[in-house]
Amino acid sequence: MLANKDPLFLTGVTFPSGYPETLVKLMVYDVKDKNQESGSLLGSATFSVGDLLRTKDEQLTLNLRSSDGVCTAGTVVVSRLKMGEMEGVEVDHIATNTPSHRCPLVCEPAHHCCIDQEETLLTGPVFRNPICKVYTFQTSNSKRMIVREQMEECTLSFSIPKQLLSLYIQEDISRVQDLTELGELSPHWDNLRKEVITRYGGIIGSYQATLAELNKITGCSFKPSCCKAQKSLEFIPINLHTQRMRVSCLKKTDAFYDIVTVGAPAAHFQGFKSGGLQRLLSRYEAEKKSFSTACQCIYYSPEHTAKAQEVLSITSLLQPLITSLADQLLQAAQEHSSPGLRDALKSLSDKTEQFVHTLKDELVKSALLALHAARPGYVSKSQKQTAVQGHHQGHISTDSEQNQIPVQGLSGQSPATPEPTVMCNNVEGCPSPTGDEAELVKVKNHDSIPHHKEYDEEEWDRVWANVAKCLNCVIAMVDKLQEEDDSKQESAPEQQLADVITSHTPGDWKEQLYPVVTRLKECVKEVVEKARKAMTFVLLQEAVCSLPQGFALQQRRDIVFSQALAALACGFVMRLYAGMQDKGFLKQLHLVGLVAQFESLLSTYSEEIGMLEDMEVGISDLHKVMFKITEAKTEDPSDLQPFLCGGRDHFTVEVPLPQPIFQTLPEEIKNGRPLRVFPVLFNVGINEQQTIAERFGDISLQERINQKNFEILDAYYKLLSEKVPLECLPCFQAQTDIKELLETLGQNVVTKKRKNVEILWIAGAICRRLNGIRFTSCKSAKDRTSMSVTLEQCALLRDEHQLSKDFFVRALDCMRSRLTQGDTWQWEDPEAGTVTENKPASRHFYPIALLLVSSHLLVVWLILSLVFLLAKYQ
């Protein structure tokens with residue numbers, strides 16, 4: 001320990017329950033040269049926390065023993081210091097009364113442990129294994145503030161991915177079942193269906209194996225960075241932790257600043273040789289158009305594919321709901337309950353109208369035509385005309401001219417071929433029309449739309465409209481029954497009241513409603529069957545065009561989304577716990593939603609470009625996630641774990657709360673209103689690789705991401721301003737207006753400036769002022785992330801709590817100090833695996849493999865190497 005070290009900087013540890021038996025070992029070093037990180041061990045001492053707590057004067061005097069345990073090297077006084085005890089003490093007083101070989105150790109009593117229910121700190125079964133450090137810093141007005149850093153692991157690191165894997169498996173099994181139930185198809189399409197089912201089987205088997213491996217893991221709450229390329233853990237986020245800084249000042253309410261740190265959501269196991277998701281998906285969509293022609297199927301855009309998945313999801317949810325509401329209507333009619341009848345009818349009408357609106361899409365109608373064209377023995381109208389002409393000319397049509405499929409495009413989609421020609425479902429196929437036949441096809445373009453002699457094109461319109469007609473019949477019948485009942489009760493004389501009651505037995509209403517309600521349920525069932533087969537056929541064609549690349553991309557997207565969702569769920573729960581007593585925050589939560597701001601420090605160079613491309617897609621996919629607050633059945637930890645439901649097109653995370661806390665929430669949240677989250681991503685590379693990218697490479701990816709997400713953030717603020725009073729937002733010492741901050745952020749986003757970290761600073765400030773959730777990421781959430789978090793924390797202490805300017809750098813160094821195990825005087829770089837300072841000169845050489853990409857870079861490398869060698873040996 002340096003003789004002039006200021007003992008005002010205190011490092012503390014908070015122990016969990018049962019900590020009095022914990023042993024603490026102190027090791028004291030004599031520093032020879034701090035710059036060279038050299039020092040010799042003077043001695044060590046060991047004591048138990050219980051011994052310190054039991055002392056009357058709240059301090060222990062310990063003898064330092066040398067490494068051989070024989071000689072006494074001196075004494076160390078360990079003091080027990082309570083939180084808030086340093087408030088009125090001056091720096092000079094502490095420094096002069098503390099000998100050079102004495103340093104107080106902060107040891108908090110039990111009622112100041114990290115889990116503090118009254119202060120709404122991180123609580124419950126979601127967060128565990130807290131690590132706490134306590135510092136005392138001087139403010140600009142010579143007062144003291146106590147800062148406590150608290151880092152915890154989150155059980156959602158594993159629980160969310162495991163639930164997500166189960167949902168993926170269920171969805172793919174359901175898709176295979178839908179494909180099987182499509183019915184008989186032509187040989188061409190039947191072979192393609194078998195191939196797609198085989199691909200789905202491979203994904204299901206892989207996901208089941210991964211889930212089985214994850215279920216074997218017990219007791220672990222996070223994935224360390226050394227396991228980022230491990231196959232069985234590829235769905236788990238890297239180094240997911242929560243960090244809270246609690247600031248306590250005299251006569252002021254404690255302040256809390258939360259942040260979630262996580263490694264970049266990316267498919268590290270699969271690697272980035274071909275780029276990340278954003279680049280792969282763009283390339284895949286371009287190739288899929290040409291592949292659709294080769295496979296003789298319609299090209300469906302990502303929007304149409306998403307619409308097909310949405311129709312399947314909504315119909316599967318609404319059909320049982322409509323059936324249940326119809327049964328409730330009949331039950332209310334049987335009980336002769338007018339209020340119950342009106343309520344049930346209103347709910348039934350709302351859900352049925354939503355059902356009809358979902359299916360009011362040309363995609364369904366077009367897909368039904370395509371499905372009928374894929375049936376065995378199908379002949380299009382143009383083929384029939386061609387066959388008739390051939391018959392009159394003495395030619396016989398062959399069987400290979402059957403099984404046609406339509407190729408007309410939907411609105412906004414590209415057709416599979418340049419001209420609306422007829423395509424055969426049989427791979428061995430029919431020849432293309434030539435001569436007069438080709439002229440006939442060109443003249444009658446509309447005849448290329450398949451027409452089955454047993455299929456009426458207007459059948460779908462009638463079936464779909466029948467649902468609305470049946471609903472109108474139900475509404476009319478209910479109105480008629482209630483009007484008759486009201487008129488009879490008003491006009492009936494008192495002496496005939498008994499006859500009226502007798503004539504209206506409770507079963508009359510049900511008997512009259514039963515036929516129309518039954519018809520409504522039958523129509524809904526018929527529509528669902530047709531729509532389900534049509535949309536399944538759309539997804540079959542999309543899957544056929546995707547073979548095999550599309551399935552690999554889907555797996556990669558599932559992996560990245562799993563990591564991003566686990567981090568988002570962790571941040572949401574953390575923010576919800578912290579804002580439980582904030583009425584303005586709860587109002588903002590259910591009226592608009594929360595912004596989730598991801599700060600990325602990845603470079604746009606080498607493999608980190610692929611990571612950033614993965615991360616961009618994964619964060620963007622989080623817009624499909626909604627949250628819902630529910631009341632827990634019991635306060636058992638297992639009943640308080642968040643629950644995930646839904647499918648790839650939409651997920652809902654249910655967060656259960658104990659009954660006393662749940663009852664304090666606004667009615668909108670208690671009634672199950674879905675809570676939205678607006679994810680935004682801002683990236684600024686800060687390492688040496690980013691320097692190379694900015695000078696010799698391309699940073700357009702970073703610029704596009706920042707511009708796109710600024711627009712999302714700006715749109716969120718406008719929506720928030722319309723629906724929530726600005727008084728609901730938190731107050732900060734810095735009086736900069738949010739609108740002004742947004743304008744500054746917009747200017748920085750479009751400004752060409754190297755390593756413009758102002759983008760990250762301003763985006764983080766806006767997020768905090770908007771009650772948002774903050775995330776910080778780099779490759780592994782270690783060095784760059786820790787540097788960013790500690791700098792942000794010290795900046796908050798300076799701007800919001802008047803940290804003395806003289807203490808800023810010292811506070812930053814204190815928070816960043818970290819000794820490695822095994823060698824106390826060597827700080828290591830976990831990501832590089834080498835010593836941070838006094839690095840060997842070889843690190844100044846750029847890797848030849850990277851510079852051979854361009855002859856210009858090779859020349860630059862040679863020049864820099866020559867200059868360095870001349871400077872070294874001069």
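In what follows, residues are counted from 1 in the order of the sequence shown.
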Handout entry: Rounded distance [0.5 Å steps], CZ in Phe272 versus CD in Gln270
Key = 9.0 Å
Problem - Beyond-backbone contact of Arg673 with Lys628, side-chain heavy atoms, under 4.5 angstrom - result: no
Practice task
Under the side-chain hydrogen bond (donor to acceptor under 3.5 Å, both in side chains) rule, what do Glu234 and Gln563 come out as? Steps first, then yes or no, please.
Solution key: CA-CA 8 Å; Glu234 59 184 348; Gln563 299 176 25; over 6 Å; no
Problem - Distance in Å, Thr210 OG1 paired with Gln555 CD, rounded so as to fall on 0.5 Å steps - result: 9.0 Å
Problem - Separation of Ile236 CD1 from Ser159 OG (nearest 0.5 Å) - result: 9.0 Å
Handout entry: Whether Glu613 side chain and Gly276 backbone form a donor-acceptor pair below 3.5 Å
Key = yes
Handout entry: Backbone of Arg532 reached by a side-chain donor or acceptor of Thr536 within 3.5 Å
Key = yes
Practice task
Test side chain to side chain contact (heavy atoms under 4.5 Å, CB included) on Gln243 and Gln793 and set out the steps.
Solution key: CA-CA 11 Å; Gln243 180 148 330; Gln793 289 182 163; 2.9 Å; yes
Handout entry: Backbone of Glu740 reached by a side-chain donor or acceptor of Thr744 within 3.5 Å
Key = yes
Problem - Within 45° cone of Phe732 ring axis and under 6.0 Å: Arg768 NZ or CZ - result: no
Practice task
Compute the ring centroids of His241 and Phe222, then answer whether they are less than 6.0 Å apart.
Solution key: yes
Exercise for the section: I would like to know whether Lys624 and Asp649 meet salt bridge (charged side-chain N to carboxylate O under 4.0 Å, His left out); could you show each step before the answer? Expected result: CA-CA 7 Å; Lys624 303 181 295 185; Asp649 61 319; over 6 Å; no
Practice task
Check Arg648 against Asp558 and note the closest heavy-atom contact, atom names and distance.
Solution key: NH2-OD2, 2.8 Å
Exercise for the section: Indicate the atoms forming the closest heavy-atom contact of Gln163 with Leu644, along with that distance. Expected result: OE1-N, 2.7 Å
Exercise for the section: Answer yes or no for Arg575 and Phe585: cation-pi contact, defined as NZ/CZ to six-membered ring centre under 6.0 Å and angle to ring axis within 45°. Expected result: yes
Practice task
Could you check if a side-chain atom of Pro302 sits within less than 4.5 angstrom of a side-chain atom of Glu285, using non-hydrogen atoms only?
Solution key: yes
Handout entry: Interatomic spacing from CG in Leu729 to CD1 in Ile738 - rounded to 0.5 Å
Key = 5.0 Å
Problem - side chain to side chain contact (heavy atoms under 4.5 Å, CB included) between Tyr257 and Arg244, intermediate numbers included - result: CA-CA 6 Å; Tyr257 303 96; Arg244 165 166 291 178; over 6 Å; no
Fill in the blank from the handout: ring-ring contact (aromatic ring centres under 6.0 Å, His included) pairs touching residues 538-572, sequence neighbours excluded, are Tyr200-Phe551, Phe561-Phe651, Phe572-Phe627
Practice task
Taking atom types as modelled, find out whether Glu608 and Ser603 have a side-chain donor-acceptor pair closer than 3.5 angstrom.
Solution key: yes
Exercise for the section: Ignoring hydrogens and angles, tell me if any N or O in the side chain of Ser721 forms a donor-acceptor pair with the backbone of Tyr717 under 3.5 Å. Expected result: yes
Practice task
Check the side chains of Gln689 and Ser606 for a donor-acceptor pair under 3.5 angstrom, ignoring hydrogens and angles.
Solution key: no
Practice task
Look at the side chain of Asn239 and the backbone N and O of Gly263, then say whether any donor-acceptor pair between them is shorter than 3.5 Å.
Solution key: no
Problem - Nearest non-hydrogen partners of Leu612 and Ser600, listed with the distance - result: CD1-OG, 4.1 Å
Exercise for the section: For the residue pair Lys228 and Ser780, establish whether any side-chain heavy-atom pair is separated by less than 4.5 Å. Expected result: yes
Handout entry: Side-chain touch Met535/Val538, heavy atoms, less than 4.5 angstrom
Key = yes
Problem - Within-4.5 Å side-chain heavy-atom neighbours: Leu791 and Trp761 - result: yes
Practice task
Rounded to the nearest 0.5 Å, what's the gap from CG on Leu591 to CZ on Arg676? Could you check?
Solution key: 12.5 Å
Problem - For the student: nearest non-hydrogen atoms of Pro237 and Lys223, plus distance - result: O-CB, 3.5 Å
Exercise for the section: Mark yes or no for whether Gln588, through its side chain, and Leu770, through its backbone, hold a donor-acceptor pair below 3.5 Å. Expected result: yes
Problem - Short side-chain to backbone donor-acceptor contact, Ser157 and Cys154, under 3.5 Å - result: yes
Handout entry: Pairs touching residues 768-793 that satisfy ring-ring contact (aromatic ring centres under 6.0 Å, His included), sequence neighbours left out
Key = Phe598-Phe775
Exercise for the section: Dump the intermediate steps for side chain to side chain contact (heavy atoms under 4.5 Å, CB included) on Met580 and Leu657, then the final yes or no. Expected result: CA-CA 11 Å; Met580 203 67 68; Leu657 295 177; 3.9 Å; yes
Handout entry: Salt-bridge contact Lys587-Glu668 (side-chain N to carboxylate O under 4.0 Å)
Key = no
Completion exercise
Distance col, row Arg774:CZ vs Gln597:CD, nearest 0.5 angstrom, shows 4.5 Å
Problem - His623 side chain vs Ile619 backbone, donor-acceptor pair below 3.5 Å - result: no
Practice task
For the pair Leu312 and Leu539, evaluate side chain to side chain contact (heavy atoms under 4.5 Å, CB included) and give the outcome as yes or no after the intermediate values.
Solution key: CA-CA 10 Å; Leu312 286 173; Leu539 297 180; 3.5 Å; yes
Practice task
Scan for side chain to side chain donor-acceptor pair (under 3.5 Å) pairs involving residues 701-712, sequence neighbours excluded, and state none if there are none.
Solution key: Glu616-Arg704, Asn683-Gln702, Glu703-Lys752, Gln707-Glu711
Handout entry: Side-chain donor or acceptor of Asp614 paired with backbone N/O of Ala267 under 3.5 Å
Key = yes
Problem - 4.5 Å side-chain heavy-atom contact, Leu233 and Ile238 - result: no
Practice task
Dump the intermediate steps for side-chain hydrogen bond (donor to acceptor under 3.5 Å, both in side chains) on Thr242 and Glu152, then the final yes or no.
Solution key: CA-CA 5 Å; Thr242 60; Glu152 290 188 302; 4.6 Å; no
Exercise for the section: Considering non-hydrogen atoms only, spot the tightest contact between Lys755 and Gly685 and give its length. Expected result: CG-O, 3.5 Å
Problem - Polar side chain donor-acceptor pair, Lys782 to Ser225, under 3.5 angstrom - result: yes
Problem - Close side-chain approach of Val684 and Leu601, heavy atoms under 4.5 Å - result: no
Problem - Lys162 atom NZ, over 12 foreign heavy atoms within 6.0 Å - result: yes
Exercise for the section: Spell out, as yes or no, whether a donor-acceptor pair under 3.5 Å connects the side chain of Thr358 to the backbone of Gln354. Expected result: yes
Problem - Aromatic ring proximity, centroids under 6.0 angstrom, Tyr207 and Phe235 - result: yes
Handout entry: Nearest atoms (heavy-atom pairs only) where Val262 meets Ser777
Key = O-OG, 2.9 Å
Exercise for the section: Would you sort out whether Thr604 and Gln690 count as a side-chain hydrogen bond (donor to acceptor under 3.5 Å, both in side chains), showing the intermediate values? Expected result: CA-CA 6 Å; Thr604 54; Gln690 184 63 22; 3.3 Å; yes
Exercise for the section: Go through the side-chain N and O atoms of Glu758 and Asn748 and say whether any donor and acceptor fall under 3.5 Å apart. Expected result: no
Practice task
State, yes or no, whether a side-chain contact exists between Ile629 and Leu576 at a heavy-atom distance under 4.5 Å.
Solution key: yes
